[in-house]
Amino acid sequence: MDASDYKIIWQQVLEEISKRVPRSGFITFFKNTALIDFDGEKGVIATASVFSMNELKDKFTQITLEAFGSIFPEMKVLEFTVDGSLHEHDERVADVLKIAPDPSKPKKKEALPQEIEGGMKTKALHDQYSLENFIVGPDNQLAHAACIAISNKPGSTYNPLFIYGGVGLGKTHLLQATGNEIKKKFPKKIIVYTTAENYMNEVITAIRTGQAEKLRTKYRLADVFIIDDIQFLANKTQTQVEFFHTFNALYEAKKQIIISSDRPPKELDELESRLRSRFEWGMMADIGFPDFETRVAILQSKCQDKGIFLSQELLAFIADNVSESIRELEGVLNQAVALYELKHVTPTIKMLAPKLKKLQFKTQAIDRFDDMVSRKAKTIDDIVDFVAHYFKLRPEDITGNSREQQKVFARQIVMYMAKKYFNYTYQYIAHHLGGKIHTTAMHAYQKTEKELEKNKQLARDINALLHDMGVL
Ligand code: ADP
Ligand code: MG
């Protein structure tokens with residue numbers, strides 16, 4: 001543990017104290033104090049003057065010990081010391097006004113848990129991962145259910161929980177989401193999320209600086225210990241030994257342990273067998289590549305998160321042509337989103353097909369689109385075909401006289417594009433679209449031009465059509 005950990009712990013303890021002491025007294029006696037040493041059993045509090053130290057000692061030793069004890073059950077001894085250099089803005093000093101805010105002023109949202117998390121873990125839990133936005137299908141159902149069970153009763157359901165599966169299938173998402181969910185349900189619990197790689201780096205640093213014991217303490221304070229990509233510890237003997245001790249300590253204290261790996265425990269050949277066997281003590285759940293329907297549902301949910309609407313047909317096309325990982329699926333989706341947001345184009349299959357092909361996804365499927373991809377619009381009949389296909393109409397719907405809104409709309413777009421990008425005369429256009437009079441084409445042109453000034457979606461559709469026609 002380092003100074004920032006002490007500060008975070010002290011903030012947490014002060015929060016407990018503030019619940020037991022009137023606000024004015026709390027602020028008077030605990031301002032400019034710091035926790036300068038702590039090992040889970042013994043803590044040393046520094047104050048700025050002898051006077052305040054004596055006051056604190058006489059009046060608050062018991063309450064402070066109790067507050068510590070409510071978070072760290074092993075806590076036994078409290079010592080006090082004076083550090084004349086402590087002042088309000090000292091990095092070590094906790095802000096009592098923040099901890100016991102003036103009730104007449106609006107509260108700042110969740111300042112404390114955020115900071116606790118920052119100090120105790122080596123990598124942040126990211127808000128974007130939740131159990132709700134994890135789409136469940138037959139191939140990840142078990143792992144998801146186990147995470148739900150654990151988040152309701154950490155430490156007492158499945159321990160450890162061991163989740164395994166290939167790259168990009170949602171392990172990190174599930175681990176982070178479970179951490180977030182526990183944090184939401186049990187704000188007091190200390191949740192430590194780390195990757196095995198990070199953990200190893202910490203172990204190396206601790207060994208180099210002779211602080212292995214402090215590192216152990218840090219991890220043993222966790223109520224929930226989440227370690228991602230454990231396969232990374234293969235052949236890292238010393239880190240494995242450290243991890244073994246931490247695992248045992250947490251396990252015996254009934255603290256929840258969650259592990260992810262790219263393989264099941266028995267295939268982790270380069271890991272000590274005593275570790276591998278421990279991984280099998282609790283619950284093991286594998287994650288596989290989701291089926292087509294789940295992939296489409298994932299894409300839909302990501303679109304929703306991003307606030308963009310893409311056609312079902314396009315999402316199905318992406319889902320159908322990605323067969324490795326959800327990360328790839330997202331990569332293609334992000335390209336579609338970039339087209340939509342940066343280039344103001346509604347992404348079409350024709351635009352995405354070459355990108356998917358470049359990534360060498362199921363190329364046979366994409367080959368079917370090759371003809372389509374190379375096709376360009378040259379004549380007015382081609383324009384009709386492209387627009388009809390885009391709006392899922394038949395060419396006759398456009399050349400005919402139907403007054404149905406969608407058909408009229410598509411017809412106007414054909415007229416507009418034929419004039420603007422292909423330089424046909426109004427006369428020619430009107431004549432070719434079922435023998436209409438030329439003012440109809442002129443009217444369609446003007447109306448579309450005007451509409452384009454305020455309708456972003458129309459602009460995206462026309463850009464998409466221009467792209468597909470080979471004009472852009
Ligand atoms: P892993 O850790 O297994 O390599 P990740 O958890 O990093 O995979 O997942 C890769 C991406 O796919 C992430 O953006 C994640 O949110 C997303 N993802 C994976 N599975 C799902 C799912 N079932 N629902 C929603 N998103 C998912
Ligand atoms: Mg991962």
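Not measured: the values here are computed from a predicted model. Just so you know, ligand 1 is whichever comes first in the structure, and atom 1 is the first atom listed for that ligand.
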So if I count the atoms of ligand 1 from 1 in the order they appear, which ones are less than 4.0 Å from some heavy atom of [X]?
X	value
N140	23 (N)
V167	4 (O)
T172	1 (P), 2 (O), 6 (O), 7 (O)
G166	3 (O)

Would you verify whether the NZ or CZ of [X] falls within 45 degrees of the ring axis of [Y] while also being under 6.0 Å from that six-membered ring's centre?
X	Y	result
R278	F162	no
R274	F244	yes
K420	Y416	no

Could you tell me if the ring centre of [X] sits under 6.0 Å from that of [Y]?
X	Y	answer
W281	Y251	yes
Y129	F134	no
F232	Y199	no

message: Please determine whether side-chain contact (heavy atoms from CB on, under 4.5 Å) holds for the pair Y219 and E242, giving the CA-CA distance in whole Å, both sets of side-chain angles, and the decisive distance to 0.1 Å.
response: CA-CA 10 Å; Y219 279 102; E242 266 308 314; over 6 Å; no

- prompt: Looking only at heavy atoms, is any part of N133 under 4.0 Å from ligand 1, and if so is it the side chain, the backbone, or both, or is it neither?
  reply: backbone

query: Between the main-chain N or O of K255 and the side-chain N or O of N159, is there a donor-acceptor pair closer than 3.5 Å?
result: yes

message: Regarding K306 and N334, do their side chains bring together a donor and an acceptor under 3.5 Å, going by distance alone?
response: yes

Considering distance alone, does some N or O of [X] sit under 3.5 Å from an N or O of ligand 1?
X	result
I135	yes
Y129	no
G168	yes
I326	no

- prompt: Is there a heavy atom in Q176 that sits closer than 4.0 Å to ligand 1?
  reply: no

message: With the threshold set at under 4.0 angstrom, would you say G137 reaches ligand 1 through any of its heavy atoms?
response: no

query: Near K447 NZ, under 6.0 Å, is it more than 12 heavy atoms from other residues, nucleotides or ligands?
result: no

Quick one: nearest non-hydrogen protein atom to [atom], plus distance?
atom	result
atom 26 (N) of ligand 1	K302 NZ, 3.2 Å
atom 21 (C) of ligand 1	F134 CE1, 3.7 Å
atom 8 (O) of ligand 1	G170 N, 3.0 Å

Option whose closest heavy atom lies nearest to atom 13 (C) of ligand 1, chosen from R327, H173, E330: E330

message: Taking 2.8 Å as the cut-off, does S260 contribute an N, O or S atom near the Mg ion (ligand 2), distance below it?
response: no

